[in-house]
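Comments concern the structure below.
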Amino acid sequence: MNEFLHGGDYNPDQWLKRPEILEEDIRLMKKAGVNEVSLGIFSWAMYEPEEDVYQFSWMDKIMDAMYENGIKVILATPSAARPAWMVKKYPEIMRVNEKRERLLYGDRENYCCSSEIYREKVKKIDGMIASRYAKHPALIMWHLSNEMYGECHCEKCQNKFREWLKKKYKTLENLNEQYNSAFWSHTFYSWDEIESPSSIGDQAVHGLALDFSRFYSELNIDFLEMEKKEIRKYCKHTPITTNMLSLDCGIDYSDLGKILDVTSWDSYPLWHCGKDKTSEWKEAVKASFHYDYCRSLKKQPFYLMESTPSNTNWAAVCKLKRPGMHLLSSMQAIASGSDSVLYFQWRQGKGGYEKFHGAVVGHSGSEDTRVFRDVCQVGDELKKIAEIKGAGTISKVAIIFDWPNLRALKGIKGLKNNKKDFVEALQEYYEALIKNYVNVDIISQRDDFSEYQLIVAPMLYLFEKDTDKRIKAYIENGGNFVLGVFSGIVNENDLAFECFPPYGLQDVFGLCVEETDALCEDEFNEVTYKDRTYHATDYCDLIRNQDATVVAEYGQDFYKGMPVVTKHTWGKGTAVYIGSRMNEEFLYEFLHDMIQEVGIERICDTPYISDIMVKQREKKGIKYTFLMNFSTEQRVIEVEHQQYVLGCYEYKIITTK
């Protein structure tokens, strides 16, 4: 399709007894500029009302109706939620929680990925759907399951976990060494003694907890790959995706992205819930971070698979989008590399958990609503900018977000046990970078570093195998690497290195870290940089300088005068260490200077204008620069010696060659 996708989740199986509603939906979709619907995500009970009794005629009619009206279909596998009869007959398909309690029927995404019965049932229904609709002219993409997350602790999963550990460690001696299991008499003498972590069992062996997270991430991905293989038996080339939703859902998306043809994201920012009612900048940064992460997984355009045209039903406060925000937030996704604006949901259901979740068409069924007009406006705008579809994003700057670090830091006892803030710390660096108006990729420590001029790792606590060597080689060959506080502390199994941090890089950075101080919420240390004073908060590394150039020192406490920011030339590149969590003003200024020193071309060469986000896509030598104002107040920004005035929640696109 040579146009952006506009549409989203449609649940016609809730309205099959109301054919007039189905007809009205198509009329309204066409009026709103909807050219896509996502079908069948939770339709298993409708497909298979009793075991081995199938009914597809209702979906046949919906698929045909969509095609006849020029609306494309993303068709889902229904594995996220199974029929009640299945659980009643096969209760073992349900997950066991960490307290070893078997879950009952209900909710969704709560099946056991190890269950042979469930896998066979899923393969069978997937195969029937794929064989039936593989060649349907409305079909443009497959959607595996839905927002996959969580883990199971049943005996099948325990046994698979033990086999996974045997494959990784080979011997119990090696496992015990990597877990430091002599601590608290945790030494294992038989593989059968190993259990997954539990609040009523083991919580002390951090390597075990991290391994179980990795194991279940791989098991979740294996389950989705099983579904993909079943579809590919009947449908060889139609793209396949699944909708991601959270950085900490229990799946390493860096691995998941490898089995998908295209990545997609479900985005639900909490607009208008902050204390500053004139600015939505902070929520915009979080949304942007997720979009750039999803796009970076495959270095290609992604799909915004779900968003809301109005409000959610699950937030602490379910605010409506203020006038202008729906168009702006939709364009933010496009600016970040999305080739779609899709919603959950098209029409509100009358009952159940999501009956008050926002929708294009509300319970009234009326088109005479503010929300419907907002959606029509997005449809019109997407048609106007159709030429941008497929445009790429060129980034010379990357920030390292690493899922194993996220999981490991959550479990450690140390620093500030009530407030690790790993993701927040990353997003502070990310915010400083996008304030400097550069495109940013978000990568893992396993990704290729060579294409970037500047890489920032704000808190790389855990080094996977050879990470130190890869960083060293990158810097030696001319790269510029910024490493943050509490980095290079443990190996891939969360086992502490027997040296001063950062492991393997003391010579590269010209320093080592002797201790790390944790500050209370009302504490800070002062840091002076270029005659201005900034705040260091939360964590402060006590650095022993060897031969690095000191850029800034601590101004208070017993470590007053010790380095906090250093630079060191290594080979053709530069190694920078920032030994504390610094406030946003420092990060903006310091990274601004780094970007200039490295010679990275900014999207627009102007200081940050409050609340203005700038992103750029490129296609066939044409650059599309998005200027977006996340303030209720007017802003003015200069680009290429021309001033652009942006009103409340307004955006503009500048096209240049």
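One-based numbering along the sequence shown.
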Evaluate salt bridge (charged side-chain N to carboxylate O under 4.0 Å, His left out) for Asp261 paired with Lys298, printing each intermediate quantity in order. CA-CA 9 Å; Asp261 300 308; Lys298 296 191 79 69; over 6 Å; no

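- In this structure, Leu224 and Ser145 approach most closely via the heavy-atom pair CD2-CB, 3.9 Å.
- When atom types are taken as modelled, the side chain of Asp447 and the backbone of Ser444 share a donor-acceptor pair closer than 3.5 angstrom.
- Aromatic ring orientation, Tyr118 versus Trp44: tilted (interplanar angle from 30° to 60°).
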Walk me through it: do Lys123 and Asp126 pass the test salt bridge (charged side-chain N to carboxylate O under 4.0 Å, His left out)? CA-CA 5 Å; Lys123 286 167 66 176; Asp126 286 0; over 6 Å; no

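- For Tyr343 and His326, the ring centers sit closer than 6.0 Å to each other.
- Side chains of Thr308 and Lys321: no donor on one and acceptor on the other come within 3.5 Å.
- Applying the side chain to side chain contact (heavy atoms under 4.5 Å, CB included) test between Asn35 and each of Lys72, His6, Lys383 identifies His6 as the sole match.
- Remark: the Ser213 side chain and the Arg407 side chain contain an N/O donor-acceptor pair separated by less than 3.5 Å.
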Check the pair Leu627, Tyr651 against side chain to side chain contact (heavy atoms under 4.5 Å, CB included), reporting the backbone distance first and the verdict last. CA-CA 5 Å; Leu627 312 176; Tyr651 85 99; over 6 Å; no

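- Side-chain contact check for Lys410 and Asn405: no donor-acceptor pair (N or O, by modelled atom type) lies under 3.5 Å.
- Of the listed residues (Asp466, Asp402, Asp252, Thr467), just one forms a side chain to side chain donor-acceptor pair (under 3.5 Å) with Arg446, and that residue is Asp252.
- Remark: side-chain polar atoms of Gln158 are paired, donor with acceptor, to backbone N or O of His153 under 3.5 angstrom.
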How far apart are the C-alpha atoms of Val598 and Lys396, what are their side-chain angles, what is the distance that settles it, and do they pass the side chain to side chain contact (heavy atoms under 4.5 Å, CB included) test? CA-CA 10 Å; Val598 171; Lys396 292 300 178 184; over 6 Å; no

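- In this structure, Lys166 contributes its side chain and Arg162 its backbone to no donor-acceptor pair below 3.5 Å.
- In terms of heavy atoms, Tyr503 sits closest to Asp468 at O-CB, 3.5 Å.
- Atom NZ of Lys419 has more than 12 neighbouring heavy atoms from other residues, nucleotides or ligands inside a 6.0 Å radius.
- Contact annotation: the side chain of Asn480 never approaches that of Ile475 to less than 4.5 Å [non-hydrogen atoms, C-beta and beyond].
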Check step by step if salt bridge (charged side-chain N to carboxylate O under 4.0 Å, His left out) holds for Glu163 and Lys160. CA-CA 5 Å; Glu163 291 302 315; Lys160 281 194 173 184; over 6 Å; no

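- In this structure, Ile41 and Ala76 approach most closely via the heavy-atom pair CG1-CB, 3.4 Å.
- Note: Phe215 and Phe212 have tilted aromatic rings, judged against thresholds of 30 and 60 degrees for the angle between ring planes.
- Note: Phe481 and Phe449 have tilted aromatic rings, judged against thresholds of 30 and 60 degrees for the angle between ring planes.
- The closest donor-acceptor contact from the side chain of Asn313 to the backbone of Tyr353 lies under 3.5 Å.
- For the pair Arg119 and Phe223, the cation-pi test (distance below 6.0 Å, angle within 45°) is failed.
- Atom SG of residue Cys113 and atom CE of residue Met226 lie 8.5 Å apart, to the nearest 0.5 angstrom.
- Side-chain polar atoms of Ser246 and Asp248 form no donor-acceptor pair below 3.5 angstrom.
- When atom types are taken as modelled, the side chain of Asn491 and the backbone of Leu495 share a donor-acceptor pair closer than 3.5 angstrom.
- Around the NZ atom of Lys299, the shell of radius 6.0 Å holds more than 12 heavy atoms that belong to other residues, nucleotides or ligands.
- For the residue pair Asp211 and Tyr179, a side-chain donor N or O sits within less than 3.5 Å of a side-chain acceptor on the partner.
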Please step through ring-ring contact (aromatic ring centres under 6.0 Å, His included) for the pair Phe486 and Phe422, ending with a clear verdict. CA-CA 11 Å; Phe486 206 62; Phe422 173 63; over 10 Å; no

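- Here the closest non-hydrogen pair linking Gly411 and His206 is O-NE2, 3.1 Å.
- Using modelled atom types, one finds a donor on one side chain and an acceptor on the other under 3.5 Å when comparing Arg82 with Asn110.
- Rounded to the nearest 0.5 angstrom, Asp255 CG and Trp403 CH2 are separated by 8.5 Å.
- Distance check, rounded to the nearest 0.5 Å: CD1 of Ile455 to CD1 of Ile471 gives 8.5 Å.
- For the atom pair CD (Gln178) and CD (Glu492), the distance works out to 6.5 Å, reported to the nearest 0.5 Å.
- Inspection of the His143 and Ser38 side chains reveals no N or O donor paired with an N or O acceptor under 3.5 Å.
- Here the two rings, on Phe4 and Tyr303, have centers that are 6.0 Å apart or farther.
- Taking CG from Leu327 and CD from Gln332, the interatomic distance works out to 12.0 Å, rounded to the nearest 0.5 Å.
- Classified by interplanar angle (parallel below 30°, tilted 30° to 60°, perpendicular above 60°), the ring pair Tyr253/Tyr293 is tilted.
- When the shell of 6.0 Å around NZ of Lys229 is examined, it contains 12 or fewer heavy atoms from other residues, nucleotides or ligands.
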Applying side chain to side chain contact (heavy atoms under 4.5 Å, CB included) to Val397 and Asp441, what does each step give before you reach the verdict? CA-CA 6 Å; Val397 180; Asp441 281 356; over 6 Å; no

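- Cation-pi check for Arg108 over Phe42 is not met; the charged atom does not lie both under 6.0 angstrom from the ring centroid and within 45 degrees of its normal.
- Using modelled atom types and a 3.5 Å distance limit, the side chains of Trp142 and Glu227 yield no donor-acceptor pair.
- In this structure a side-chain-to-backbone donor-acceptor pair under 3.5 Å is missing from Lys623 to Thr655.
- Applying the side chain to side chain contact (heavy atoms under 4.5 Å, CB included) test between Trp265 and each of Cys294, Ser336, Ser307 identifies Cys294 as the sole match.
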Apply side chain to side chain contact (heavy atoms under 4.5 Å, CB included) to residues Leu256 and Ile259 and explain how you reach the verdict. CA-CA 6 Å; Leu256 176 57; Ile259 74 163; 4.0 Å; yes

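- Between Leu304 and Ser267, the shortest heavy-atom contact is CD1-CB, 3.7 Å.
- Aromatic rings from His357 and Tyr268 are positioned such that their centres are separated by under 6.0 Å.
- The distance from the OG1 atom of Thr238 to the CD1 atom of Ile74 is 11.5 Å, given to the nearest 0.5 Å.
- A salt bridge is absent between Glu225 and Lys258; no separation between the charged side-chain nitrogens and carboxylate oxygens falls under 4.0 Å.
- Nearest heavy-atom pair, Arg95 versus Gly150, reported as atom, atom and distance to 0.1 Å: NH1-CA, 3.7 Å.
- A salt bridge links Glu230 with Lys233: the closest approach of a Lys/Arg side-chain nitrogen to an acidic carboxylate oxygen falls below 4.0 angstrom.
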